[in-house]
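What follows is one structure encoded as structure tokens, with my remarks underneath.
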Amino acid sequence: MSYEQLADLIFPEITTTISDLEIRFPQRNLNDGAEVLRFAPSPTGFLHTGSLFTAFLGQKVARQTGGVFFVRLEDTDQKREISGTGVELLSQLAKFGVFPHEGYLGDHESGNYGPYAQSKRANIYKTVIKQMINDNIAYPCFCSTDKLQQMRAVQEANKEVTGYYGHYATCSHLSAAEMIEKINNGEPYVIRFRSHGNHNKMVKVVDLVRGELELSENDQHIVILKSDGLPTYHFAHVVDDHFMHTTIVSRGEEWISSLPLHVQMFAALNWVSPKYAHLPVINKLENGNKRKLSKRKDPEAAVSYFLDLGYAPEAVLTYLLSIANSNFEEWWTTNKSSSLDDFDFSFAKMSLDGALFDLEKVNFFAREFFATLTATQMAERVVDFLELSDKNQPVLKLIKADTPKFIEIMNIEREKENPRKDYMYLEQVWPSISFFYESYYLELFKQNLNDTFNESVDRVTLSNVLNDLKTLMVYAATNEEWFESIKVIASKNDFALSKKEIKQNPDKFKGTVADVAEILRISLTGSKKSPNLHDVIKILKKAEVDQRINFIIANFIR
RNA sequence: GGUCCGUUGGAGAAGCGGUUAACUCAUAUCCCUCUCAAGGAUACAUUCGUGGGUUCGAAUCCCAUACGGACUACCA
């Protein structure tokens, strides 16, 4: 009885060979230095911020080298799969400007190295495994889960390394004839990789981020084909990245420990292994300890958090680049108007320990980014954002009824050298500008705005000031001229023109010109905080300003 | 428990045998100012997890130790 017979018994339906596959998936025709990278997510949930990080950097390196970036769906775990998330993953990536050249694209796939969903590649894996069984570098294992668990318990009790290796790898000692017999008897089995490694021997492996690593050789006979007929990650990685001709495998650092295994499998198959880049994970501080950013505990771990609030994807990517390469920020400060594509990212310059996710810093980049947009661009983004949600329809209608006005609002203190930087995300826009629209302005006064007026100003003074504002305020004027008129009103009503003045004569004045401005501010905006009043007045125009002052007089002065 | 990886301020970090230990965010104070935002100025590590050693000289090299992280599945 031979291994060839064993292979035929297990995979009678497989008639292709590895050579056939090599012909089917030929070398890619790329220039020297061009790298092929991939993003290989599992469809077990929506896009994680850490995954976006990996995907974005993968695309970046591919672009920088004139190579290829593709997506492969790692859907070999049917138990954990959540249907629909594969498509969602791709659409979220797209929102962040990550567009794969080929591969699994959600509703369809493209490229010559497919299929790109692992669940559809069963015959490819089986072809390779058939050959491996034939060559005796893989074999069926009949050990039950129970047996493996007991073995583990014994190993733990003896303080030995746990797992299926050496003399513990009982099925590896079976002869071909014994294996054939068991299969003929209908015993269930998985396929394992036969490792000849020695745990006490070290192997040197190179990682693009960490440099040379010395790791123990793998001696575990790991499962490569599960009883459900699908491969495990380890095996699928080796086969897929070989036939898809990946040149750099970039993935999370949790894979470092299985690197010897992967390298060993490439060698066993006589394949050239790709370069590896193990990226640090993004962490969060909890009770003084670092832990991986978690979707369950940290809202910002899901990319949707940023999308839902209306963060600019560009800003999130800017932040991610800043934690990827520390020299990025220096570049960024001098190239604020450049595209992130122009920055030369390098795996070697990545820091080795995982950064703590810093929302404050994301917010900083977010404010900076929105400040670079023109009023028109900003207005478009706000409209696009509002269109995503049904509850914003009345607001949208108002905005669209007078687009020039909306753009003018968005332009307050914007297209100038030091623009306002008060928006981190788009959801903040409407609440801060709604007062420009009459119905929302009135809404503000349904709340108890009586308290907002400075108590120190008596109602008679208030009334006088408001009336003076209507008659004496200059509307069409420069900012300086406009403020002169406020000063006139201040003097007329016994308000000081400066803090200095009131300090010298506290009893002589009812307040300062700032208090006069505040009366006007509250009257027009319903708030003590607002952008430059002169800009507000220009947008509201005289009629609306007068109307609002009258409204205040009628409702808040007795 | 075992195997790897890591440790510079509140956060991201530069530094690679001789620097006042860069830079950015955050924070604080002050200035500017009609409020807010922005802007400007200043402050913030006598010290690089800790203990030894090598050296004229150490964050940088060596040794120990502590702490943190990843992995240790028929999950990826």
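Here the structure is a predicted model, which is why all the values come from computation and not from measurement. Numbered from 1 within each chain, the chains take letters A, B, ... in sequence-line order.
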Open item on the list: Regarding Phe364(A), tell me which of base, sugar-phosphate or nothing describes its non-hydrogen contacts under 4.0 Å with the strands shown.
Closed with: sugar-phosphate
Task: Value in whole Å for how far the P atom of U7(B) lies from CZ of Arg210(A) - done: 10 Å
- [ ] Please determine, for the side chain of Ser227(A), which listed nucleotide (A76(B), A70(B), C74(B)) has the closest atom?
- [x] C74(B)
Task: Whole-Å gap separating P (C4(B)) and CG (Leu213(A)) - done: 11 Å
Open item on the list: Please pick, from G12(B), A73(B), C4(B), the nucleotide with the shortest atom-to-atom distance to any side-chain atom of Arg152(A).
Closed with: A73(B)
- [ ] Indicate, with a heavy-atom threshold strictly under 4.0 Å, whether Glu156(A) touches base, sugar-phosphate, or nothing.
- [x] nothing
Open item on the list: Angle between ring planes, Phe328(A) versus Phe365(A), binned at 30° and 60°: parallel, tilted or perpendicular?
Closed with: tilted
Open item on the list: Would Phe483(A) count as stacking on C34(B) if stacking means ring centres less than 5.5 angstrom apart and planes tilted under 30 degrees?
Closed with: yes
Open item on the list: Regarding C71(B), can its base be found pairing with the side chain of Ser258(A) as donor and acceptor, where the two atoms are less than 3.5 Å apart?
Closed with: no
- [ ] Decide yes or no, distance alone: a donor-acceptor N/O pair under 3.5 angstrom between the base of C34(B) and the side-chain of Arg521(A).
- [x] yes
TODO: State yes or no: are the ring centers of Tyr139(A) and Tyr189(A) separated by less than 6.0 Å?
DONE: no
- [ ] Name the nucleic acid region contacted by Pro419(A), choosing base, sugar-phosphate or nothing; use a 4.0 angstrom heavy-atom cut-off, strictly under.
- [x] sugar-phosphate
Open item on the list: Can you see whether Asp240(A) engages Tyr125(A) through a side-chain donor-acceptor pair at a distance of less than 3.5 angstrom?
Closed with: yes
Task: Distance between C1' atoms of G49(B) and G69(B) (Å, rounded) - done: 15 Å
Task: Parallel, tilted or perpendicular, as decided by the 30° and 60° cut-offs, for the rings of Tyr233(A) and His237(A) - done: parallel
- [ ] Verify the distance criterion only: is there a donor paired with an acceptor across the side chains of Tyr423(A) and Ser432(A) at less than 3.5 Å?
- [x] yes
Open item on the list: The side chain of Lys361(A) is closest to which nucleotide in this list: C36(B), C4(B), A11(B)?
Closed with: A11(B)
Task: Gap between atoms CZ and P, on Phe369(A) and U24(B) respectively (whole Å) - done: 22 Å
Task: Among C36(B), A13(B), G6(B), the one nearest Leu352(A) by side-chain distance - done: G6(B)
Task: Contact under 4.0 Å: Ser257(A) side-chain N or O vs A70(B) OP1/OP2 - done: no
Open item on the list: Ignoring hydrogens and geometry beyond distance, is a side-chain donor-acceptor pair present between Thr44(A) and Arg80(A) at under 3.5 Å?
Closed with: no
Open item on the list: Need one value for Thr512(A): base, sugar-phosphate or nothing, where a base atom within 4.0 Å counts as base even if backbone is also close, heavy atoms only.
Closed with: nothing
Open item on the list: Heavy atoms from C-beta onward define the side chain here; which of C74(B), A26(B), C71(B) lies closest to that of Thr145(A)?
Closed with: C74(B)
TODO: Would you classify Met424(A) as touching base, sugar-phosphate or nothing, given that sugar-phosphate means primed atoms plus P, OP1 and OP2, and contacts are heavy atoms under 4.0 Å?
DONE: nothing
- [ ] Would you mind telling me which of C74(B), A70(B), G69(B) lies closest to the side-chain atoms of Lys290(A)?
- [x] G69(B)
Open item on the list: In this structure, how many angstroms lie between the P atom of U24(B) and the CG atom of Asp358(A), rounded?
Closed with: 16 Å
Open item on the list: At 4.0 Å (heavy atoms only), tell me whether Trp332(A) reaches a base, stays on the sugar-phosphate, or touches nothing.
Closed with: nothing
TODO: Select base, sugar-phosphate, or nothing to describe what Glu330(A) touches, counting heavy atoms under 4.0 Å on all strands.
DONE: nothing
Open item on the list: Is Thr232(A) close enough to C74(B) that one of its side-chain N or O atoms is under 4.0 Å from OP1 or OP2 there?
Closed with: no
Open item on the list: Between Thr333(A) and C23(B), is there a contact of a side-chain N or O with OP1 or OP2 at under 4.0 Å?
Closed with: no
- [ ] For Leu215(A), report the nucleic acid contact type (base, sugar-phosphate, nothing); a contact means any heavy atom under 4.0 Å.
- [x] sugar-phosphate
TODO: Check whether any side-chain nitrogen or oxygen of Lys226(A) sits under 4.0 Å from OP1 or OP2 of A76(B), and answer yes or no.
DONE: yes
TODO: Using Watson-Crick or G-U wobble geometry with both distances below 3.5 Å, tell me the partner of C4(B), or none.
DONE: G69(B)
Open item on the list: Take a 6.0 Å sphere around NZ of Lys470(A) and say whether it holds more than 12 heavy atoms from other residues, nucleotides or ligands.
Closed with: yes
TODO: May I ask you to evaluate whether Lys421(A) reaches the phosphate of G39(B), defined as a side-chain N or O under 4.0 Å from OP1 or OP2?
DONE: yes
Task: Base paired to A26(B) (Watson-Crick or G-U; both N/O distances under 3.5 angstrom) - done: none
Open item on the list: I'd like the C1' distance from U60(B) over to G18(B), given in whole Å.
Closed with: 11 Å
Open item on the list: Taking any heavy-atom pair under 4.0 Å as a contact, classify Ser530(A): base, sugar-phosphate, or nothing.
Closed with: base
Open item on the list: Rounding to an integer number of Å, can you tell me how far Leu279(A) CG sits from C71(B) P?
Closed with: 15 Å
TODO: With heavy atoms under 4.0 Å as the rule, sort Asn532(A) into base, sugar-phosphate or nothing.
DONE: base
Task: Side chain of Arg192(A) - closest among A11(B), C74(B), A38(B) - done: C74(B)
TODO: Rounded to the nearest angstrom, tell me the gap between atom CG in Leu285(A) and atom P in G12(B).
DONE: 9 Å
Open item on the list: Taking the minimum atom-to-atom distance to the side chain of Ile323(A), which one of G12(B), U72(B), C34(B) wins?
Closed with: G12(B)
Open item on the list: Please tell me whether Gln118(A) and Glu74(A) have a donor and an acceptor in their side chains that are separated by less than 3.5 angstrom.
Closed with: yes
TODO: Describe, in one word, how the ring planes of Tyr440(A) and Trp430(A) are oriented to each other, choosing from parallel (under 30°), tilted (30 to 60°) and perpendicular (over 60°).
DONE: perpendicular
Open item on the list: Using whole Å, what does the distance between atom C1' of nucleotide U72(B) and atom CG of Leu259(A) come to?
Closed with: 16 Å
Open item on the list: Distance check, C1' atoms only: U50(B) and A58(B), in whole angstrom units.
Closed with: 16 Å
Task: Interatomic distance where CD1 belongs to Ile224(A) and P belongs to C75(B) [whole Å] - done: 13 Å
Task: Per Trp255(A) side chain, nearest of listed nucleotides A76(B), A26(B), A14(B) - done: A76(B)
TODO: Could you tell me whether Val223(A) contacts a base, only the sugar-phosphate backbone, or nothing, with contacts defined as non-hydrogen atoms closer than 4.0 Å?
DONE: sugar-phosphate
